[in-house]
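In what follows, a single structure is set out as structure tokens and then discussed.
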Amino acid sequence: MADMDTETAFPLIISVDDHTVEPPTVWQDRLPKKYLDTGPRIVRAPLKEMTFLGGRFKPVMGRPGEDGPIGDWWVYEDLHRPITRLDTAVGYSRDEIKLEVITYEQMRPGSYDVPARLADMDVNHVQSALCFPTFPRFCGQTFTEAADHELGLLCVQAYNDWMVEEWCGPDARGRLIPLTLIPLWDAELAAAEVRRNAARGVRAVAFSEIPPHLGLPSVHTDDWDPFLAACDETGTVVAMHIGSSSRMPSTSADAPPAVGSTITFANCCFSMVDWLMSGKFERFPNLKVMYAEGQIGWIPYILERADVVWEENRGWGGVADKVHRPPSELFADHVYGCFFDDAFGLRNLDSIGLGNVLYETDYPHSDSTWPKSREVGEAQMGHLEPDVVERIVRGNAIELLGLTPDGLWGPGGGR
């Protein structure tokens with residue numbers, strides 16, 4: 001990939017929020033033979049019905065031979081989850097992007113194929129990318145919800161092995177940055193998995209923005225401490241994507257998707273306040289968290305309000321004994337906001353913190369700025385100095401994710 005032509009050229013992008021659509025054989029190639037009939041596998045079948053209202057996605061798979069649009073479905077235990085156009089929308093016009101099932105042949109190959117992904121990154125002025133999962137969902141909650149946690153742990157480990165060895169393997173040439181999963185149902189197992197992957201250079205792990213929505217403990221408890229200690233000790237960033245609590249923000253059961261799409265940042269907002277008021281950043285001083293696809297324009301007011309509450313109300317607010325610094329100071333040291341289209345946030349960088357902002361392209365989702373992420377960035381960052389743009393577009397990501405100075409990942413890490 002060509003380097004920048006001049007000092008004023010837009011920097012090569014390091015996207016901290018892209019996505020992979022897992023190839024059909026990820027688990028079939030890695031699970032013990034006895035689990036192949038219950039582990040994740042692809043089945044081509046018709047769609048019987050599908051709704052997406054009030055932030056809830058409800059697909060129903062038909063039987064082979066029945067009428068209905070044909071799509072590829074992930075089948076795992078009793079779960080039937082179709083691949084949809086919203087999973088991989090790049091290359092299609094906005095009017096063509098609808099909630100419909102599709103097959104692998106109907107998606108852009110860069111969604112699941114490494115060489116094709118690198119080619120699409122070249123088109124989009126992207127050097128390196130961190131990718132969240134699709135079938136496991138954004139923090140692996142698919143395996144947490146499964147009945148068999150022995151199989152679930154094997155599925156988590158198989159995904160991580162595929163992520164590190166294949167998706168981010170030699171063919172990726174250091175341009176794909178691994179993001180691994182944990183068994184959310186057991187913090188000790190989660191800690192072991194963090195350490196297993198950190199030993200091979202992984203510096204980011206997916207987690208839920210609001211764990212109680214998944215029936216899991218909140219960050220205000222001590223339940224997560226083994227996991228957080230492992231992240232603190234290994235320099236592993238806790239990456240939380242919007243929707244990683246399996247509940248997108250909405251207002252009512254009959255609210256159209258446009259309502260939720262407008263307020264997608266809300267869960268990140270709630271989650272960030274949770275973390276700032278939890279005391280975890282003081283207990284684990286090296287801990288870093290990032291909010292993928294949460295945008296950044298909302299952050300200044302939340303920090304202002306959190307500081308007021310901490311200053312005026314901490315005596316009765318339940319935080320005086322564990323939060324000893326203003327939340328805005330904790331944010332500056334521990335929290336990163338991620339955006340791909342937020343002109344308002346970029347006009348208010350001083351109130352957020354230049355070192356706390358990361359750039360993303362969201363490939364291959366419907367919101368993605370591909371193939372014009374450079375143009376979008378240039379338009380929104382035109383008022384900023386080149387060194388500021390460099391920090392936002394790649395410098396902060398290099399530092400946070402332990403990449404090489406050139407912005408690449410390697411099994412040994414760049415630290």
Side-chain angles (χ1 to χ4, degrees), residues 1-4 11-27 29-30 87-88 90-91 104 107-136 138 140 156-181 196-206 235-237 239 241 290 292 338 358-365 368 370-371 373-374 393-395 397-415:
M1 186 172 183
D3 292 331
M4 292 177 288
L12 292 173
I13 297 166
I14 297 178
S15 174
V16 297
D17 172 31
D18 285 0
H19 299 264
T20 177
V21 176
E22 298 80 19
T25 60
V26 168
W27 289 276
D29 283 351
R30 291 169 178 82
D87 292 326
T88 171
V90 291
Y104 278 86
M107 69 178 78
R108 194 170 182 87
S111 303
Y112 59 88
D113 177 75
V114 171
R117 172 61 65 92
L118 298 186
D120 279 354
M121 289 163 62
D122 288 346
V123 168
N124 201 32
H125 198 67
V126 172
Q127 179 187 25
S128 306
L130 180 85
C131 296
F132 283 82
T134 297
F135 168 68
F138 294 148
V156 167
Q157 293 170 336
Y159 177 88
N160 292 341
D161 290 344
W162 169 80
M163 168 61 62
V164 175
E165 298 166 5
E166 191 167 331
W167 183 252
C168 301
D171 288 348
R173 306 196 302 276
R175 296 179 60 189
L176 294 172
I177 306 162
L179 173 71
T180 51
L181 304 176
R196 181 176 83 94
N197 292 304
R200 46 185 179 174
V202 177
R203 292 294 178 264
V205 63
T236 300
V237 180
H241 195 286
M290 57 170 269
C338 311
L358 304 168
Y359 200 46
E360 59 188 28
T361 76
D362 198 30
Y363 180 107
H365 284 182
S368 178
W370 186 92
S373 299
R374 175 180 183 170
V393 173
R394 56 186 289 111
I398 289 173
E399 180 179 342
L400 178 65
L401 297 171
L403 306 180
T404 69
D406 293 332
L408 301 174
W409 176 80
R415 294 172 186 250

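- In this structure, the side-chain contact (heavy atoms from CB on, under 4.5 Å) partners of Asp120, at least two apart in sequence or on a different chain, are Arg108, Tyr363, Trp370.
- Expressed to the nearest 0.5 Å, how far CZ of Arg394 lies from CG of Asp406 amounts to 8.0 Å.
- Applying the salt bridge (Lys or Arg N to Asp or Glu O under 4.0 Å) test to every pair with at least one member in residues 159-168, sequence neighbours left out, gives these pairs: Arg30-Glu166, Asp161-Arg196, Asp161-Arg200, Glu165-Arg200.
- For Asp171, there are no side-chain hydrogen bond (donor to acceptor under 3.5 Å, both in side chains) partners, not counting sequence neighbours.
- Between Phe138 and His241, the ring planes are tilted. Angles from 30° to 60° get that label.
- Taking the side chain as every heavy atom from C-beta outward, Asp18 and Thr361 approach each other to under 4.5 Å.
- Between the side chain of Arg175 and the backbone N or O of Val126 there is at least one donor-acceptor pair closer than 3.5 Å.
- Under the side-chain hydrogen bond (donor to acceptor under 3.5 Å, both in side chains) criterion, Thr88 pairs with Ser111, not counting sequence neighbours.
- Scanning for ring-ring contact (aromatic ring centres under 6.0 Å, His included) contacts around Trp167 gives Trp162, with sequence neighbours left out.
- Contact annotation: the side chain of Thr134 never approaches that of Thr20 to less than 4.5 Å [non-hydrogen atoms, C-beta and beyond].
- Side-chain contact check for Met163 versus Leu181: every heavy-atom pair is 4.5 Å or farther apart.
- Side-chain contact between Val164 and Trp409 is present, with heavy atoms from C-beta onward closer than 4.5 Å.
- For Ala119, there are no side-chain contact (heavy atoms from CB on, under 4.5 Å) partners at least two apart in sequence or on another chain.
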